[in-house]
Asks: 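Pasting a structure below so you can have a look.
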Protein chains: 4
Amino acid sequence: MRISKDPEVRKQEILDAASRLFEKQGIEKTSMADVAKEADITKGLVYYYFKSKEELVDEALKHFILESELVLKNIVQNRNLDFFGKLSEILKLYFLTISKNLGINTLAKSNPGVYELVKRSLCKSALDHTGVLVEEGVKSGFINISHPEYILKILIGGIADLYSEGVRDPDVFADIIEQTLHLPKDSLRIW
Amino acid sequence: MRISKDPEVRKQEILDAASRLFEKQGIEKTSMADVAKEADITKGLVYYYFKSKEELVDEALKHFILESELVLKNIVQNRNLDFFGKLSEILKLYFLTISKNLGINTLAKSNPGVYELVKRSLCKSALDHTGVLVEEGVKSGFINISHPEYILKILIGGIADLYSEGVRDPDVFADIIEQTLHLPKDSLRIW
Amino acid sequence: MRISKDPEVRKQEILDAASRLFEKQGIEKTSMADVAKEADITKGLVYYYFKSKEELVDEALKHFILESELVLKNIVQNRNLDFFGKLSEILKLYFLTISKNLGINTLAKSNPGVYELVKRSLCKSALDHTGVLVEEGVKSGFINISHPEYILKILIGGIADLYSEGVRDPDVFADIIEQTLHLPKDSLRIW
Amino acid sequence: MRISKDPEVRKQEILDAASRLFEKQGIEKTSMADVAKEADITKGLVYYYFKSKEELVDEALKHFILESELVLKNIVQNRNLDFFGKLSEILKLYFLTISKNLGINTLAKSNPGVYELVKRSLCKSALDHTGVLVEEGVKSGFINISHPEYILKILIGGIADLYSEGVRDPDVFADIIEQTLHLPKDSLRIW
DNA sequence: GATGAATGAGCATTCATTCAT
DNA sequence: AATGAATGAATGCTCATTCAT
């Protein structure tokens, strides 16, 4: 049966279907036929909206970032939060996104690649925003170490890895961040 | 034309050819036919030495780690090195291996998966050995932070990532490690 | 050049092509590529209609039986035929099917397996229907031997074998059946 | 390690190994490598003795017959046995061979072909010898039916089938043979 | 006689992509 | 916009066979 939909809606449905499958089975192991079936349409239509699998993959991965982009921006620009408050908020959001996107499945040995791609997107986004914040922190003297941008990068990526390996205690993470960035104990309130 | 070779040699050639291709194009995108062609033999012979692609992949990846395993052990047990000396040596070796195995190519967007797999192997090996050392460091009071094992993990993985993104200055790395583990400035001599 | 056909038709064409080849070369020696070529389509399309070779084989073999299933049922239930009439009709149909499906080719030494499979299908179907009839014959006293079901089984299979080895005279078959089932001479009229 | 053996012995060993595997897994599913491994030699040596798989298959199948050929000949020519005695002896031998060669495995759906080939060999041999006997029986008036050779053929084949389907009672078989050949009740003593 | 490394053709199956309707 | 039949290239894998030693 032929169901016409608003192009925007259709495209979004396909993107969602693809994202779901990529996360569950990995990108390479997800075929265009799989995507079509998941979206309950035909392969032909997938190709009507995306001219190749590569394009579909690219657009689907973009999503992982864009979702939180807006929220992040708001946090950083929020004048009601001080440095530690902002950092806490960003990390909170970061954890939320991680826990949503880096589930056990994504990590399976049979599924390398997606984890990495997703993580890379996630981290890039997180870094862009914390980066600004850290700069601020350095200027205002809250952060007092050399190469803070690198350390931050390491932290952001490492935290994602730790999380995906099962470490879930927020206090542990707060503790780690405070120590590595040489922040006062208990300055971060992640949960 | 038929060229017979010593099985050891042949097997190594195949392993080398495979590693080369895995690094260049990624594991999934490297077919057994590709490997055969690269090794200048027939597919059949590849299967004569490795009974499946999975086995070939496993053995090829093993290489990235095993090479340094022995050396690492020696460092840790070396009574002529103090704590900082040992940590320096291990990190030196770690960098060497990274710089040999995690080149720019490995990171190519078209090549997720290998980087991650190799990195995971590498880090696991590094962690096993530094882990023991850090424990030692904690006991003897050189290291004085909470969750040192997680921080070390984050460091080890993050350093590989930083390197693969182009950061190559040894002083930067030494600096980062000293700060995050709260070690005295200039206690590590990586180069 | 791209020729689209009604799926029903296409599927039947593939089934026909496959049956032809199975009969000529045997199942194991017929590749999916052979089938595609015989049907003048691509391998991919064969898989579009049958999800594996096994499924194709199964469906192709089904054909040998199902064709006559309906007719057989009608014969057995036909009130206008007496016991000998029915048996004669069933055997007639059986011969027809045999002569259509168990040609000389099927028996070729290079082709074991198909003959047996087809024969097994054929015999099973014939047995199901003659079985009921024979039971009837036993009850009404037309058949008066011990182990009639085994003898019938032997007969049904044996007849197929004899036929496939070149014996074609209907009188011979009628004679054999009459004697082994201990029926009155000339009670069966096969042709 | 290199073990030289008498060529005759070696060839026989290979033949035995092959027969074992053909019976267990079917001909098509037995590779030359399997045969070599089962015979504990290398593939090359199999090819030294048999120039192709086809030749190996042919010779292996011949075996199923030859084994009993000699015994059969002796029975038929034994002047101490009367007609029924000889027929009984032959059938006894036939059952023995069947029970040895047509086991459950041979019948497996995944293994059509071997069963048929073996059965065909077996039956041919049985027929050759019972044929002579039946001719004798006809001449001396013990057998009094038309087409006895065809009926015998059907019987011989059918009995093998019944056996392989699980019917094992010797009395049943004796009964069937007596009835179909119109021999006096209890004239055959198979066991 | 015997070994086992090497070949090459073939096989079932998958999948991204195209295109007539 | 949407369908789904059709394509064709690739993929992992098997195996009979050869041949230098």
Side-chain angles (χ1 to χ4, degrees), chain A residues 1-7 10-11 28-36 41-56, chain B residues 1-7 9-11 28-36 40-56, chain C residues 1-7 9-11 28-36 40-56, chain D residues 1-7 10-11 28-36 41-56:
Chain A
M1 147 192 47
R2 214 181 178 90
I3 301 174
S4 261
K5 291 198 182 176
D6 179 59
R10 225 341 108 75
K11 193 167 180 182
E28 306 266 0
K29 299 214 163 145
T30 298
S31 70
M32 292 301 262
D34 291 342
V35 173
I41 53 171
T42 58
K43 265 193 288 183
L45 198 54
V46 178
Y47 276 91
Y48 182 79
Y49 286 100
F50 302 90
K51 74 169 191 288
S52 71
K53 185 179 178 181
E54 205 185 335
E55 195 178 299
L56 175 60
Chain B
M1 142 199 48
R2 220 178 176 94
I3 302 171
S4 250
K5 292 197 179 175
D6 179 61
V9 174
R10 213 3 94 76
K11 191 168 179 181
E28 307 260 6
K29 301 225 161 137
T30 298
S31 71
M32 292 300 262
D34 290 343
V35 173
D40 205 30
I41 53 172
T42 55
K43 257 190 296 180
L45 198 56
V46 179
Y47 278 93
Y48 183 78
Y49 286 99
F50 303 90
K51 70 172 189 289
S52 68
K53 185 179 178 180
E54 204 184 336
E55 194 177 300
L56 175 59
Chain C
M1 144 199 46
R2 218 182 178 95
I3 302 174
S4 248
K5 290 197 182 177
D6 179 62
V9 173
R10 217 357 100 72
K11 190 169 182 181
E28 307 260 7
K29 302 222 159 139
T30 297
S31 70
M32 292 302 261
D34 291 342
V35 173
D40 205 31
I41 52 172
T42 54
K43 260 190 295 183
L45 199 53
V46 178
Y47 277 91
Y48 182 78
Y49 287 100
F50 303 90
K51 70 172 187 289
S52 70
K53 185 180 178 180
E54 204 185 337
E55 193 177 300
L56 176 59
Chain D
M1 143 197 47
R2 214 184 180 86
I3 302 173
S4 262
K5 289 200 183 176
D6 179 58
R10 223 343 106 74
K11 192 169 180 179
E28 306 266 2
K29 301 215 162 144
T30 299
S31 70
M32 293 300 263
D34 291 341
V35 174
I41 53 171
T42 56
K43 264 193 289 184
L45 198 52
V46 179
Y47 276 91
Y48 181 80
Y49 286 101
F50 303 89
K51 74 171 192 286
S52 70
K53 185 181 179 181
E54 205 185 337
E55 195 177 298
L56 175 59

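All chains are named by letter (A, B, ...) in the order of the sequence lines, taking the proteins before the strands, and each is independently numbered beginning at 1. Predicted model only: the values in this text are computed from it and were never measured. When reading the values below, keep in mind they use all heavy atoms of this one structure, side chains included, and skip hydrogens, waters and symmetry mates.
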Asks: What nucleotide, of E/dT13, F/dA2, F/dC13, holds the atom closest to the side chain of B/S52?
Replies: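 Ranking E/dT13, F/dA2, F/dC13 by closest atom to the B/S52 side chain puts F/dC13 first.
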Asks: Of the candidate nucleotides F/dG8, F/dA2, E/dA6, which contains the atom at the shortest distance from the side chain of C/T42?
Replies: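 The closest nucleotide is F/dG8.
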Asks: Return one dot-bracket line describing DNA chain F 5' to 3' (Watson-Crick or G-U wobble pairs, both distances under 3.5 Å; ( ) same strand, [ ] crossing, | another strand, . none).
Replies: .||||||||||||||||||||
Asks: Please state whether the base of E/dA6 and the side chain of B/R2 form at least one donor-acceptor pair under 3.5 Å?
Replies: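 Counting by modelled atom types and ignoring angles, a donor-acceptor contact under 3.5 Å is found here.
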Asks: Of the nucleotides E/dC11, F/dG12, F/dA2, which one has an atom closest to the side chain of B/M32?
Replies: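 It is F/dG12.
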Asks: Nearest to the A/S31 side chain among E/dA12, E/dA16, E/dT7, which nucleotide is it?
Replies: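 Shortest atom-to-atom distance from the side chain points to E/dA16.
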Asks: With A/T42, which residues qualify under side-chain hydrogen bond (donor to acceptor under 3.5 Å, both in side chains), at least two apart?
Replies: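 Here no residue qualifies.
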Asks: Run the side-chain contact (heavy atoms from CB on, under 4.5 Å) test against A/Y47 and tell me which residues pass, sequence neighbours left out.
Replies: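 Result, side-chain contact (heavy atoms from CB on, under 4.5 Å) vs A/Y47: A/M32.
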Asks: My understanding is that only residues two or more places apart in sequence, or in another chain, count here; which of them pass side-chain contact (heavy atoms from CB on, under 4.5 Å) with C/S31?
Replies: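 Per chain and number, C/S31 pairs via side-chain contact (heavy atoms from CB on, under 4.5 Å) with C/A33, C/D34.
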Asks: Identify, with sequence neighbours excluded, every residue that meets side-chain hydrogen bond (donor to acceptor under 3.5 Å, both in side chains) alongside B/S52.
Replies: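 Result, side-chain hydrogen bond (donor to acceptor under 3.5 Å, both in side chains) vs B/S52: none returned.
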Asks: Output all residues satisfying side-chain contact (heavy atoms from CB on, under 4.5 Å) with B/K51, sequence neighbours left out; order by chain, then residue number.
Replies: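 Per chain and number, B/K51 pairs via side-chain contact (heavy atoms from CB on, under 4.5 Å) with B/E55.
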Asks: Going by modelled atom types, is there a donor-acceptor pair between the base of E/dG10 and the side chain of B/K43 at under 3.5 Å?
Replies: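 Answer is yes: a donor-acceptor pair is held.
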Asks: Below 3.5 Å, does any donor atom in the side chain of A/K53 face an acceptor in the base of E/dT17, or the other way round?
Replies: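 Counting by modelled atom types and ignoring angles, no donor-acceptor contact under 3.5 Å is found here.
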